[in-house]
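These notes are about the structure you will find just below.
Indexing begins at 1, ligand by ligand and atom by atom, following the structure's order.
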Amino acid sequence: MAKGSLPQRLQDVQATEEMRIDMHNGEFNRVLGGGLVPGSLVLLGGEPGIGKSTLALQVLMQQGERKTFYASGEESARQIKLRAERIAGNAENLYISSETSLERILEQVKELEPEIVVIDSIQTIGTEAIEATIGSLSQVRECAARIMEFAKTRNIPFIIIGHINKEGSLAGPKVLEHIVDTVLQFEGDQQYMYRILRAQKNRFGSTSEIGIYEMQQNGLREVTNPSELLLSTAREGLSGIAIAAAVEGVRPFLIEVQALVSSAAYGTPQRSSTGFDGRRLNMLLAVLEKRVGFKLLQKDVFLNIAGGLKVQDPAIDLAVLAAVLSSNMDIALDAGTCLCGEVGLAGEIRPVNRIEQRIAEAQKLGFKRILIPAEQKIDAKRYSIEVVGVKKVTDAFRLLIKG
Ligand code: TYD
Ligand code: MG
């Protein structure tokens, strides 16, 4: 029996920090949990056209002295070159190969001995070991398992790209997620330039971090201060806009919630929501009807999160309602105020997580006042921004409309 497989006393096990490869890309490092772990297998998933190839190639081009390898089963060497030329970076030690055979790719890796390998994409390569067609479930699974084994034995990290379909499942659905160490999801609305990198699974770090990028002409720019990007400058005096102090992952940022309420043109009023859960919007509108006495039955309500962002944070509830109210009354809310609070069925404002970070972010961006759940006890003296606790939706509205 191999020595390593003998039982060890727990207290004899050395639990030192995993070694990390600094990717020279702050957002990427952050999502990985502090850098790439040698010998790990990372799956980078996302819809076609979102920017996976661009991100992967760009990250390799940021490696400077390190030897890196980009194997593509999708594009010719010339196409890869053209893409690389658009992206700013130093490609001196980047090797590429246009190849669909896994065996040949791994041969090339053995010969080249790169420090990081990207395979673009897992659906376009195949192993001779099994008969299945390239892109089929069993091919994808078999290739991933072989890459995993190779990565672990040689201690070389691999990033494999995987396309997901519109339903959001990786082609060959969850099969890959079980095999790999880390699953990163690259997402965003293609109409907008923001892209979010999210860890869905991470054996070597938390899954609450997100990375934010902006797709530009010359590749992806890291967005270190998302709030500035997401707030439109010309919102003053406009009705139907409220600013929420949100948290995605562990990062606070301010987002602009836009609502349009108008008389229903047809019998059944429309309810439409972009970037925010539609069922939650309906629930919030019911609260507005029942608890605040707003008659919205004959109204169309459109809701939009600016910038094409999808927000899951319940703390933006209050801003959603404020935007709806503002549009309905056609009164602009005070532009210097932002909001956070989950709204309950009784119209009560419920506590939210990371309240200090939200307040600090609002203050940093020059807001004069923030409305927070009254229940949350914070030391207001620590902030220069005015912090106001609100108990009910109606309390918040009173403050917002009076200015
Ligand atoms: P791509 O990385 O090919 O997406 P994926 O690999 O996820 O399918 O990128 C798709 C889009 O990005 C494409 O429409 C062109 C655009 N793009 C830029 O805007 N700037 C750039 O520097 C590059 C390389 C691509
Ligand atoms: Mg691609």
Q. With respect to atom 24 (C) of ligand 1, which of I164, I161, N218, T54 exhibits the smallest heavy-atom separation?
A. T54
Q: Please write down residue, atom name and distance for the protein heavy atom closest to atom 3 (O) of ligand 1.
A: R83 NH1, 2.9 Å
Q. Does D313 come within less than 4.0 Å of R358, counting only side-chain N to carboxylate O?
A. yes
Q. What is the closest protein heavy atom to atom 15 (C) of ligand 1, and at what distance does it sit?
A. R86 NH1, 4.1 Å
Q: Report the member of Q216, M215, Q217 with the shortest heavy-atom distance to atom 16 (C) of ligand 1.
A: M215
Q) What atoms of ligand 1 come within less than 4.0 Å of a heavy atom belonging to I50? A) 4 (O), 7 (O)
Q) With a cut-off of 6.0 Å (strictly less than), are more than 12 heavy atoms of other residues, nucleotides or ligands near CD of E111? A) no
Q: Considering the heavy atoms of E47, write down every atom of ligand 1 situated less than 4.0 Å from one of them.
A: 7 (O)
Q | Taking atom 4 (O) of ligand 1 as the reference point, the nearest protein heavy atom with its distance | A | G51 N, 3.0 Å
Q: Provide the closest heavy-atom pair for V352 versus G341 in the form atom of the first, atom of the second, distance.
A: CG1-CA, 3.8 Å
Q: Using non-hydrogen atoms of the residue, decide whether Q58 is closer than 4.0 angstrom to ligand 1.
A: no
(Q) I'd like to know whether D120 forms a side-chain contact (heavy atoms from CB on, under 4.5 Å) with E74, so could you lay out the CA-CA distance, the side-chain angles of the two residues, the decisive distance to 0.1 Å, and finally the verdict. (A) CA-CA 7 Å; D120 189 359; E74 300 200 336; 3.9 Å; yes
(Q) Please tell me whether S239 and D330 have a donor and an acceptor in their side chains that are separated by less than 3.5 angstrom. (A) yes
(Q) Suppose the cut-off is 2.8 Å; which protein N/O/S atoms would you list for the Mg ion (ligand 2)? (A) S53 OG
**Q.** Any P48 heavy atom less than 4.0 Å to ligand 1
**A.** yes
Q | Non-hydrogen side-chain atoms of F186 and L44 separated by less than 4.5 Å | A | yes
**Q.** Side-chain donor-acceptor contact under 3.5 Å, Q108 with S97
**A.** yes
Q: State whether K67 and E113 are salt-bridged, where the test is any N-O pair (Lys NZ or Arg NE/NH1/NH2 against Asp/Glu carboxylate O) under 4.0 Å.
A: no
Q. Which of the numbered atoms in ligand 1 are below 4.0 angstrom from a heavy atom of S53?
A. 2 (O), 5 (P), 6 (O)
Q. What residue among I161, V180, L176 forms side-chain contact (heavy atoms from CB on, under 4.5 Å) with I122?
A. L176
Q. Side chains of S98 and E75: do they bring a donor and an acceptor to under 3.5 Å?
A. no
Q: Note the single closest protein heavy atom to atom 14 (O) of ligand 1, along with its residue, its atom name and the distance in Å.
A: G49 O, 4.7 Å
(Q) Under the side-chain contact (heavy atoms from CB on, under 4.5 Å) test against F69, which residue among I116, L112, I156 passes? (A) L112
(Q) With the threshold set strictly below 4.0 angstrom, can you tell me whether any protein non-hydrogen atom sits that near atom 21 (C) of ligand 1? (A) yes
Q: Kindly check if the number of other-residue, nucleotide or ligand heavy atoms within 6.0 Å of NZ (K368) is above 12?
A: no
